[in-house]
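Structure record follows, encoded as structure tokens.
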Amino acid sequence: MRLYDALVGPVASRLEPGMRVVVVPDGVLHGLNFETLLVKGNKPHYWLEDVSLTVAPCLRILLDDRKRKSISSGALVIGDPLYAGSDYSLLPESKKEIGQVCERFPNGLTLLTQGKASPDSYQKARPELFSLIHISAHVDADPQSPLESAIILSPGEDGSRKLYARDFKQLNADLVTVSGCSSVGKTALSGEGMVGFAWAAFDAGARNAVTSLWAVDDLSTTDLMGHFYAGIKDGKPYATALREAKLQMLQTRFFNKPVYWAPFQLYSRSMGDGGRVALH
């Protein structure tokens, strides 16, 4: 609650229930999901329950709201890669997760799974043609050099499994989601490393990105993504769809703790419509 008072308290009187708030973190605050801040009152609760939150990695990106280009309405979905013979464990829920995305966006769908879920297959699919890109795989985050963070896929023609953040080039996507789980025995995901994917997606031309702040649970992520994409399919803004997905998780018995619903954040280059307050 002290953290809420320090970070939000100075502008709390200007915030209305349900308002969209854009946070521009600095330094170590990149590793904090502001939705988890505890709000005091008759019934202490998470700030998630009061506002719809999005994150901008920096003010420059927030103010550089590029005009939307003419883009395809299709979806590029990658997941359920092959990890046999590697140091990475299988992700049992990845197949179900990407299945939920495919069911909701069947038109113009390009699906890359198993052996086809490789770095070179991603490039050959021409990702610049898609308005939605979803990737479900292990991730190795590099907090020292965020753009060197890599998504671990099936081996490509050259044997490489890594799709680096810096490989996101010439995107016209309205939404890029990196649903990344940390690998067994590897360093846990960290905020700075994962923010690298959002930075790279924005620099390539994407307008919104969803990435995780820390290692995520395979099962709870599938639930969260199911709710998230159901909301998008119903025409809800990304921020609303992700918030409502988290609120649904908050009401469950097994996934109500922040460790399950708080890792994923929506990064956006736009302030959007309606009331909003930028925190930085």
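Here Cys102 contributes atom SG and Lys95 contributes atom NZ; the two are 11.5 Å apart, rounded to the nearest 0.5 Å. Rounding to the nearest 0.5 Å places OG1 of Thr113 at 7.5 Å from NZ of Lys116. Rounding to the nearest 0.5 Å places CG of Leu163 at 12.0 Å from OG of Ser154. Here the OG-CD1 distance, from Ser136 to Ile151, works out to 10.0 Å after rounding to the nearest 0.5 Å. How far CZ of Arg243 is from CD of Gln248: 12.0 Å, rounded to the nearest 0.5 Å. To the nearest 0.5 Å, the span separating OH on Tyr267 from CZ on Phe202 amounts to 9.0 Å.
Of the N and O atoms on the side chains of Ser118 and Asp120, at least one donor lies less than 3.5 Å from an acceptor on the other residue. For the residue pair Asp140 and Tyr88, a side-chain donor N or O sits within less than 3.5 Å of a side-chain acceptor on the partner.
Across all non-hydrogen atoms, the minimal contact from Gln265 to Leu242 is C-CD2, 4.1 Å. Across all non-hydrogen atoms, the minimal contact from Ser149 to Asp142 is OG-N, 2.8 Å. When all heavy atoms of Ile152 and Tyr83 are compared, the pair lying nearest together is O-OH, 2.6 Å. Residues His30 and Pro25 come closest through the heavy atom pair NE2-O, 3.6 Å. Closest non-hydrogen pair, Ala165 versus Ala200, comes out as O-CB, 2.9 Å. Closest heavy-atom contact between Ala206 and Arg269: O-NE, 3.1 Å.
Inter-residue side-chain proximity for His138 and Arg161 is flagged as unmet; no heavy-atom pair is nearer than 4.5 Å. Counting heavy atoms from C-beta on, the side chains of Leu224 and Phe255 never come closer than 4.5 Å. Put simply, the side chain of Asp203 does not reach to within 4.5 Å of the side chain of Trp199, judged on heavy atoms. Looking at heavy atoms from C-beta onward, Leu53 lies in side-chain contact with Asn33 at the 4.5 angstrom threshold. Contact annotation: the side chain of Ile232 approaches that of Leu175 to within less than 4.5 Å [non-hydrogen atoms, C-beta and beyond]. The closest side-chain heavy-atom distance from Leu15 to Val8 is below 4.5 Å. Between Leu38 and Tyr46, the closest side-chain pair of non-hydrogen atoms falls below 4.5 Å. No side-chain heavy atom of Tyr164 sits less than 4.5 Å from a side-chain heavy atom of Pro119.
Ring orientation note: the planes of Phe168 and Phe197 are tilted relative to one another, at an angle of 30° to 60°.
Side chain of Asp158 to main chain of Ser160: a donor-acceptor pair is present (N/O by atom type, distance under 3.5 Å, no hydrogens or angles). Lys233 places a side-chain N or O within donor-acceptor distance of the main-chain N or O of Arg104, the cut-off being under 3.5 Å. Checked by atom type and distance alone, the side chain of Thr222 pairs as donor or acceptor with a backbone atom of Asp218 at under 3.5 Å. The main-chain N or O of Asp217 is found under 3.5 Å from a side-chain atom of Thr221 such that the two form a donor-acceptor pair. Between the Ser131 side chain and the Gly74 main chain, a donor and an acceptor come within less than 3.5 Å of each other.
For the side chain to side chain contact (heavy atoms under 4.5 Å, CB included) test, residues two or more places apart in sequence or in another chain that qualify with Lys257 are Val259, Tyr260. In this structure, the salt bridge (Lys or Arg N to Asp or Glu O under 4.0 Å) partners of Glu148, at least two apart in sequence or on a different chain, are Arg166. Every residue meeting the side chain to side chain contact (heavy atoms under 4.5 Å, CB included) condition with Asp5, not counting sequence neighbours, appears here in chain and number order: Lys40. Partners of Glu35 under the salt bridge (Lys or Arg N to Asp or Glu O under 4.0 Å) rule, at least two apart in sequence or in another chain, are Lys246. Residues forming a side chain to side chain contact (heavy atoms under 4.5 Å, CB included) with Leu32 (at least two apart in sequence, or on another chain): Leu3, Leu7, Leu29, Phe34, Thr36, Leu37. For Leu76, the side chain to side chain contact (heavy atoms under 4.5 Å, CB included) partners are Ile78, Thr110, Leu112, Tyr122, Ala125, Pro127, Phe130, Ile133, not counting sequence neighbours.
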message = Let's go through Ser268 and Arg20 carefully: what are the C-alpha distance in whole Å and the side-chain angles of both, what is the deciding distance for side chain to side chain contact (heavy atoms under 4.5 Å, CB included) to 0.1 Å, and is it a yes or a no?
response = CA-CA 12 Å; Ser268 180; Arg20 182 180 176 193; 3.8 Å; yes
task = Report the C-alpha separation of Ser94 and Asp80 in whole Å, then their side-chain angles, then the decisive distance to 0.1 Å, and conclude whether the side chain to side chain donor-acceptor pair (under 3.5 Å) test is met.
result = CA-CA 5 Å; Ser94 181; Asp80 192 25; 5.1 Å; no
query = After noting the C-alpha distance and the side-chain angles of Glu97 and Leu91, does the key distance pass the side chain to side chain contact (heavy atoms under 4.5 Å, CB included) rule?
reply = CA-CA 10 Å; Glu97 178 184 325; Leu91 297 172; over 6 Å; no
ask   = Please walk me through it: do Asn208 and Leu266 pass side chain to side chain contact (heavy atoms under 4.5 Å, CB included)?
value = CA-CA 7 Å; Asn208 301 276; Leu266 172 65; 4.1 Å; yes
request  = In sequence, state the C-alpha distance, the side-chain angles, and the governing distance for Tyr238 and Asp174, and then conclude on side chain to side chain contact (heavy atoms under 4.5 Å, CB included).
outcome  = CA-CA 10 Å; Tyr238 302 137; Asp174 201 49; 2.6 Å; yes
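Checked options Glu103, His134, Gln100; the residue passing with Tyr229 is His134 (criterion: side-chain hydrogen bond (donor to acceptor under 3.5 Å, both in side chains)).
Atom CG of Asp26 has 12 or fewer heavy atoms from other residues, nucleotides or ligands within 6.0 Å.
Ion pairing between Lys43 and Glu49 fails under the 4.0 Å rule for side-chain N and carboxylate O.
Hydrophobic clustering of Ile, Leu, Val, Met, Phe, Trp and Tyr side chains at less than 4.5 Å, counting indirect connections, keeps Leu82 apart from Val77.
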